[in-house]
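Atoms considered below: every heavy atom in the structure, side chains included; atoms not considered: hydrogens, waters and symmetry mates. All values reported here derive from a predicted model rather than from experimental measurement.
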Amino acid sequence: YNPDSTKVNDLVFVPGGGIFLCSTKGLYLYMDTISSFYPLTINPIIKGGSISSITAHKNQYYTAFKDGYGLYRTNDFLKWEAVGSGKLGTGKVQHLYDFDSILFVCNWQKTIFTTKDRGSKFVNISLGFSTLGKSYVNELAHNKEYIF
């Protein structure tokens with residue numbers, strides 16, 4: 001990847017998968033044998049879109065576009081499929097989080113969705129959040145009792 005022309009959105013270690021660079025020009029996988037990042041093509045039509053996040057969930061990898069192309073998943077980094085429906089399917093996704101067999105998806109409107117079935121059905125769990133303003137849900141974390 002060319003650091004002079006690319007903004008890094010996130011650098012993520014996914015256990016069992018490696019180190020991923022989410023950038024304004026796509027998704028890259030770190031190849032430590034050659035000390036560089038290798039570009040992963042998620043969808044040739046939207047090649048080079050801004051990637052906000054990646055996570056592993058139930059033996060698949062999910063990646064999210066920051067610029068409105070939604071959520072995609074793969075198990076081999078070769079064939080990707082679009083996941084989600086409605087606002088989630090075309091939404092700008094800020095962050096992905098996997099916890100206790102649940103995938104959490106945070107979109108640009110401060111809305112958090114969950115899925116327990118690999119993305120077949122998403123449920124909005126953002127009751128009580130104000131969707132006004134310019135704030136985003138940029139990160140989720142957990143302890144033994146709560147998700148923050």
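Checked against side chain to side chain contact (heavy atoms under 4.5 Å, CB included), T55 has the following partners two or more places apart in sequence or in another chain: Y62, L96, D98, L103. Partners of N59 according to the side chain to side chain donor-acceptor pair (under 3.5 Å) rule, which considers only residues two or more places apart in sequence or in another chain, do not exist here. For Y38, the ring-ring contact (aromatic ring centres under 6.0 Å, His included) criterion is met by no residue, not counting sequence neighbours. In this structure N43 satisfies the side chain to side chain contact (heavy atoms under 4.5 Å, CB included) test together with I45, I46, Y72, sequence neighbours excluded. Contacts of T24 classified as side chain to side chain donor-acceptor pair (under 3.5 Å), with partners at least two apart in sequence or in another chain: none. Listed by chain and residue number, nothing satisfies the side chain to side chain donor-acceptor pair (under 3.5 Å) test with D10 (two or more places apart in sequence, or in another chain).
Note that CD1 of I42 and CG of L71 are 10.0 Å apart. Values are rounded to the nearest 0.5 Å. Note that OG of S50 is 7.5 Å distant from NZ of K7, once rounded to the nearest 0.5 Å. We find the NZ-CG distance between K66 and N9 to be 4.0 Å, quoted to the nearest 0.5 Å. Atom CG of L29 sits about 9.0 Å away from atom CD1 of I19, to the nearest 0.5 Å. Taking CD from Q60 and CH2 from W80, the interatomic distance works out to 10.0 Å, rounded to the nearest 0.5 Å. Interatomic distance, S23 OG to Y28 OH, rounded to the nearest 0.5 Å: 5.0 Å.
Side-chain contact between L27 and I54: present, with at least one pair of heavy atoms (C-beta onward) separated by less than 4.5 Å. Using a 4.5 Å heavy-atom threshold, the side chains of F20 and L11 count as separate.
Judged purely by atom type and a 3.5 angstrom limit, T63 uses its side chain to pair as donor or acceptor with the backbone of S53.
Between Y61 and F77, the distance separating the two ring centers is shorter than 6.0 angstrom.
Hydrophobic clustering, with ILVMFWY side chains joined whenever heavy atoms are under 4.5 angstrom apart, groups Y30 together with F13.
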